[in-house]
There are 2 protein chains.
Amino acid sequence: MARILVVEDEPSIQELISVTLTRTGHDPLRAPDAETALRLLQAELPDLVLLDWMLPGQSGIDLARRLRGDERTRGVPIIMLTARGDEQSKVTGLETGADDYVTKPFSPRELAARIKAVLRRQKPQATEDPVEIDGLRLDPATHRVTARGAAVVLGPTEFRLLHFFMTHAERVHSRAQLLDSVWGDHVFVEERTVDVHIRRLRGALEASGHDALIQTVRGSGYRLSCQKE
Amino acid sequence: MARILVVEDEPSIQELISVTLTRTGHDPLRAPDAETALRLLQAELPDLVLLDWMLPGQSGIDLARRLRGDERTRGVPIIMLTARGDEQSKVTGLETGADDYVTKPFSPRELAARIKAVLRRQKPQATEDPVEIDGLRLDPATHRVTARGAAVVLGPTEFRLLHFFMTHAERVHSRAQLLDSVWGDHVFVEERTVDVHIRRLRGALEASGHDALIQTVRGSGYRLSCQKE
DNA sequence: TTCCGTTGTCACTAAACCGTCACCCTACTG
DNA sequence: CAGTAGGGTGACGGTTTAGTGACAACGGAA
């Protein structure tokens, strides 16, 4: 789900963290010290950095400051791992811009929760504006679809599919494009699966009096069109 | 941008907060204790109060209760500053009416984010006004819920949950959002726990003749809706 | 202290949903 | 007009997600 750089010198804790991350669907990058961390950061930017306070050589706080100073890495959120106690250094240290901190010892659950919270805070939420085409109305906020007032019941996938069509109307989308945009680019499903969902979506729409809203373009894909032909 | 009253006795933290506020375009009013705070509040109402949990003399929670008790200051949102680990105080505090919590030590970035969130959240709703939907009435001031006159008995959590739903009706809320808004951002609770409380809330409502008020949106979360389907 | 209310979590059940296939139909090709 | 490829369609496990009852931990009240 998210790439997370774990900067931690103690192997057992490193291991514990990595296992926790994997189990919660994340992708840990390991670094035992600041130098390794910086090298890894050259290659690719992670979605989050878990940073031990005490590190051999360059300390965690130095690394944090450095990350904040660099334009490229400035946006990457940081969670600090600190030992219990030592309050005042925390305050000054967190001033450098860590987004959260976890005191050792910590429970895997707590760690997971904090990571989730920080990541959630980080990412902007999707477009929530209602869309309306030809009397058909879809509202992401309320997760409702109505056809001239009458409710249309859709499954989650059909909902996303319709949302995509309505925000990209009049254009032909190949099955591959639809899989990318509606299912997500990483999943592997048969292209024909799209057909089935199109079918289900059509069924739901026709039940509400919207015929031929979604048209087939033979050899290319599908299209949502308001103008009848 | 916004006037913010900072009630904090520790000078270094007071300083840190004030600097942060100024930097994020706000206007800090400083008070080292509850008495000073009250005096400042006489003069003018701030847009938000940042309140330390532990204060010399009158404690933060006392002050919060007092602010909530006074008609004039009731609408002003409060963010509490608490020491880490004091989970219980969060719950008590939420009942007194704090809008959010920040645990010390905190990062300026986090504080800024919370303030922004609370100010944004505050705008559309007056938290303390009674809400009524479809014959169901909830009064935050008296902490009472009635369904067409008949009393509905709810636990504290179910009450907050229902309150949130009623002040954000028709919208779909994910379990994570509900945990954020009803439980508080930094409480570590399984997402499925929401389900259980939804169930309890539904049970109580159905006992009072309100069926299907809270709807499940599969894959997304829950929604309070007056319009049946 | 004991009792009671509340809460978070779990295990289990029920239901919805998804992806896939097989088969059929249609439209284009020569 | 037959052949072929692409699309429509119904059905069927398997998986995911939500509903539900039970239970232990906890704090506050008695």
Side-chain angles (χ1 to χ4, degrees), chain A residues 1 25 107-110 112-113 143 145 152-162 172-176 178-179 182-184 186-207 211-223 229, chain B residues 61 85-96 143 145 152-162 172-176 178-180 182-184 186-207 211-223 229:
Chain A
M1 192 190 210
S107 72
R109 175 174 292 181
E110 176 179 2
H143 212 274
V145 181
V152 181
V153 279
L154 297 176
T157 308
E158 282 81 38
F159 185 88
R160 291 200 307 275
L161 189 57
L162 178 60
V172 181
H173 307 283
S174 71
R175 293 175 175 77
L178 290 171
L179 283 179
V182 179
W183 273 256
H186 45 77
V187 280
F188 178 72
V189 288
E190 291 292 321
E191 289 206 340
R192 289 300 309 274
T193 298
V194 175
D195 297 27
V196 180
H197 282 276
I198 290 281
R199 159 94 186 41
R200 290 168 181 160
L201 179 52
R202 279 174 171 161
L205 291 177
E206 282 173 19
D211 280 19
L213 239 188
I214 292 175
Q215 302 166 351
T216 306
V217 181
R218 194 181 171 84
S220 299
Y222 297 94
R223 164 182 57 193
E229 32 189 275
Chain B
I61 181 118
D86 196 3
E87 296 294 322
Q88 177 53 31
S89 61
K90 275 176 202 162
V91 180
T92 341
L94 276 175
E95 282 169 40
T96 12
H143 217 269
V145 181
V152 181
V153 279
L154 297 176
T157 307
E158 283 79 44
F159 182 86
R160 292 199 308 276
L161 189 57
L162 179 60
V172 176
H173 307 283
S174 70
R175 292 174 175 77
L178 290 171
L179 284 179
D180 272 9
V182 178
W183 273 257
H186 8 35
V187 180
F188 315 119
V189 176
E190 291 292 320
E191 288 206 340
R192 289 298 311 273
T193 299
V194 175
D195 297 27
V196 180
H197 282 274
I198 289 282
R199 173 159 185 307
R200 290 168 181 160
L201 180 52
R202 278 175 172 160
L205 291 178
E206 281 174 19
D211 279 20
L213 239 189
I214 292 175
Q215 302 167 349
T216 306
V217 179
R218 179 169 252 260
S220 298
Y222 295 95
R223 163 182 59 195
E229 27 188 281

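Quick note on labels: first sequence line is chain A, next is B, and so on, each numbered from 1.
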Return no unless some side-chain N or O of [X] is found under 4.0 Å from OP1 or OP2 of [N].
| X | N | answer |
| --- | --- | --- |
| W183(B) | dT7(C) | no |
| R218(B) | dT16(D) | no |
| T216(A) | dG8(D) | yes |

Discussion item. Between V194(A) and L154(B), which residue's closest nucleotide on DNA chain C lies nearer the 5′ terminus?
Written reply: L154(B)

Practice prompt. Would you kindly compare V196(B) and E158(A) by the position of their nearest DNA chain C nucleotide and give the one closer to the 5′ end?
Written response: V196(B)

Item to complete: Assign the ring pair F159(B) / H143(B) to parallel, tilted or perpendicular, where the plane angle (0 to 90°) is split at 30° and 60°.
Response: parallel

Specify the separation, in whole Å, of atom [atom1] of [X] and atom [atom2] of [N].
| X | N | atom1 | atom2 | result |
| --- | --- | --- | --- | --- |
| H173(A) | dG7(D) | NE2 | C1' | 18 Å |
| L179(A) | dC18(C) | CG | P | 13 Å |
| I198(A) | dG8(D) | CD1 | P | 8 Å |
| F188(A) | dT20(C) | CZ | C1' | 12 Å |
| Y222(B) | dT17(D) | OH | C1' | 9 Å |
| R175(B) | dG8(C) | CZ | P | 15 Å |
| R160(B) | dG8(C) | CZ | C1' | 13 Å |
| R202(A) | dG10(D) | CZ | P | 13 Å |

Discussion item. Tell me the closest heavy-atom pair linking R218(B) and P156(A), and the distance in Å.
Written reply: O-CG, 3.6 Å

Fill in: Minimum heavy-atom distance E190(B)-L179(B), with the two atoms named
O-CD1, 4.2 Å

Give the nucleotide from the list [options] with an atom nearest to the side chain of [X].
| X | options | result |
| --- | --- | --- |
| R192(A) | dG21(D), dC10(C), dT9(D) | dT9(D) |
| P156(A) | dG8(D), dC18(C), dT9(C) | dC18(C) |
| R199(A) | dC21(C), dG10(D), dT9(C) | dG10(D) |
| D195(A) | dG19(D), dG8(D), dG19(C) | dG8(D) |

Discussion item. Mind checking if R200(B) touches a base, just sugar-phosphate, or nothing, with heavy atoms under 4.0 Å?
Written reply: base

Worksheet item: When we call it a touch if two heavy atoms are under 4.0 Å apart, what does F159(B) touch: a base, just sugar-phosphate, or nothing?
Response: nothing

Worksheet item: Of V196(A), V194(A), D195(A), which is the lone residue that meets side chain to side chain contact (heavy atoms under 4.5 Å, CB included) with I198(A)?
Response: V194(A)

Worksheet item: Do L161(B) and H173(B) pass the side-chain contact (heavy atoms from CB on, under 4.5 Å) test, and can you show the C-alpha distance, the side-chain angles, and the key distance before you say yes or no?
Response: CA-CA 11 Å; L161(B) 189 57; H173(B) 307 283; over 6 Å; no

